Amino acid sequence: MEAQFSQQSVRGDTKLVGVFGYPVEHSRSPAMHNAAFAALDLPYLYVPFAVTPDRLETALRSLVALGIVGVNLTIPHKEAALQIVDRATEVAQEVGAVNTVHCVDGELIGDCTDGYGFYQPLRELGVEIAEKRAVVIGAGGAARSVVFRLAHEGAKITLVNRTLSRAEALAEEVGRKVRTLKNPVQIREFGDVEGLSRDISESILLVNTTQVGMYPYDGEIVSVPLSSFHPDLLVYDLIYNPLETRLLREARERRCQTLSGVKMLVYQGAKAFERWTGQFPPPSVIEKMENAVLAGL
Ligand code: NAP
């Protein structure tokens, strides 16, 4: 059940947080964060704000004036917000996007918690990616957080994208920005079935960062050689609606371990929650956040 908010829930000392997006009405973040605030009995309320791109700067500047603690940013604001905040964390600068803003001493601090959200579920599963190969499909916004994080973790990365130039630009950027990078990002085209099959065969992780397979197009699947899937491969789809995409079903049928995007959504939210409240949600609350997301799917 989603947390219900009545007038009684809002008190004189209630602190406001929220999400700016356009559209924003399908966001699962309000249910997820409000479930956590309720579980920990914290006087916070999380509200969705439909902010159009032309008003993003005004809306962000208003946070300080209104005493709003912070906001998440979702489509289409993540990149534009980086140019507006007063300061950005190293991760946000590297990835080129902001998904969490925190107001501190009248300043807007921008962070990007997607890379943490992506990697934490892998850590929980005990995945050791250093010096192991990972295939990443897609080179859009979500892929940037994934690829930079995997690069910092020491993975050997193969990047596949429909638009080759976008993959090449990301690979070049990772090579330039990640000083500890030992293995340059390998680019593959979808059409290079032989090369891609070889890379998947020697990988322990395959991540879909594209929206291919997302509701309502859940019959679709990215064009990867399924015959190269093997039981030591973990297939991770950032999509969380449906929970089991066609890619994950095909992977499960080939005895791969699978992971949906729900935990990533929860952990990127948990990291934002920590920025705003000063405390990271304990495991019992993480579970409540996940249940709040699942209840709405
Ligand atoms: P984006 O910036 O628009 O990037 C989309 C990517 O998908 C691009 O690489 C694009 O390739 C590729 N793509 C789109 N349609 C395709 C097709 N028909 N065939 C092959 N490739 C195709 O989007 P995004 O913000 O990265 O989001 C991507 C997905 O990640 C969405 O499903 C989103 O829900 C999910 N996501 C999940 C979380 C989470 O917390 N679980 C967080 C962020 C995002 P081109 O470059 O060729 O256009």
Side-chain angles (χ1 to χ4, degrees), residues 19 21-24 26-29 31-33 72-82 91-92 95-100 111-122 135-149 157-171 173-174 185 187-192 196 206-224 235-248 258-273 286 289-290 292-294 296-297:
V19 55
Y22 197 77
V24 76
H26 298 299
S27 171
R28 302 306 309 149
S29 293
M32 179 172 83
H33 282 279
N72 285 133
L73 296 156
T74 187
I75 291 171
H77 300 315
K78 288 186 185 185
E79 287 81 20
L82 183 64
V91 177
V95 170
V98 164
N99 80 337
T100 302
D111 192 10
C112 186
T113 66
D114 282 339
Y116 172 85
F118 158 72
Y119 200 66
Q120 190 58 20
L122 294 176
V135 174
V136 178
I137 302 155
R144 293 180 61 81
S145 284
V146 168
V147 170
F148 272 106
R149 185 59 196 240
I157 302 166
T158 294
L159 186 57
V160 194
N161 194 47
R162 181 179 57 180
T163 309
L164 198 60
S165 57
R166 209 171 175 194
E168 286 168 346
L170 178 53
E173 206 182 322
V174 170
V185 176
I187 307 286
R188 293 261 182 231
E189 294 188 63
F190 282 112
D192 179 7
L196 201 46
L206 181 141
V207 190
N208 175 40
T209 74
T210 78
Q211 56 268 64
V212 179
M214 190 162 78
Y215 177 85
Y217 304 106
D218 36 5
E220 294 182 3
I221 181 167
V222 278
S223 171
V224 285
V235 179
Y236 189 170
D237 202 327
L238 302 196
I239 293 171
Y240 51 85
N241 188 14
L243 275 180
E244 187 179 68
T245 57
R246 185 165 156 214
L247 175 69
L248 292 191
T258 61
L259 189 59
S260 82
V262 168
K263 285 191 190 292
M264 173 173 173
L265 181 69
V266 171
Y267 277 111
Q268 63 76 32
K271 201 70 185 161
F273 184 100
I286 291 280
M289 293 169 81
E290 186 169 341
V293 172
L294 295 174
L297 295 179

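Just so it is clear, the structure is predicted and the values come from calculations on it, not from any experiment. In listed order, ligands and their atoms are each counted from 1.
- With contacts defined as side-chain heavy-atom distances shorter than 4.5 Å, the pair Val174/Phe148 qualifies.
- At a threshold of 4.5 Å between non-hydrogen side-chain atoms, the residues Lys78 and Asp114 count as touching.
- More than 12 heavy atoms of other shown residues, nucleotides or ligands fall within 6.0 angstrom of atom CG in Leu297.
- For ligand 1, the 4.0 Å heavy-atom shell contains residues Gly138, Ala139, Gly140, Gly141, Ala142, Asn161, Arg162, Thr163, Arg166, Thr209, Thr210, Gln211, Val212, Met214, Leu238, Ile239, Tyr240, Gly261, Met264, Leu265.
- The shortest side-chain heavy-atom distance between Leu206 and Leu247 falls under the 4.5 Å cut-off.
- Side-chain N/O atoms of Thr245 and Asp237 include a donor and acceptor closer than 3.5 Å.
- Across all non-hydrogen atoms, the minimal contact from Arg144 to Val95 is NE-O, 2.6 Å.
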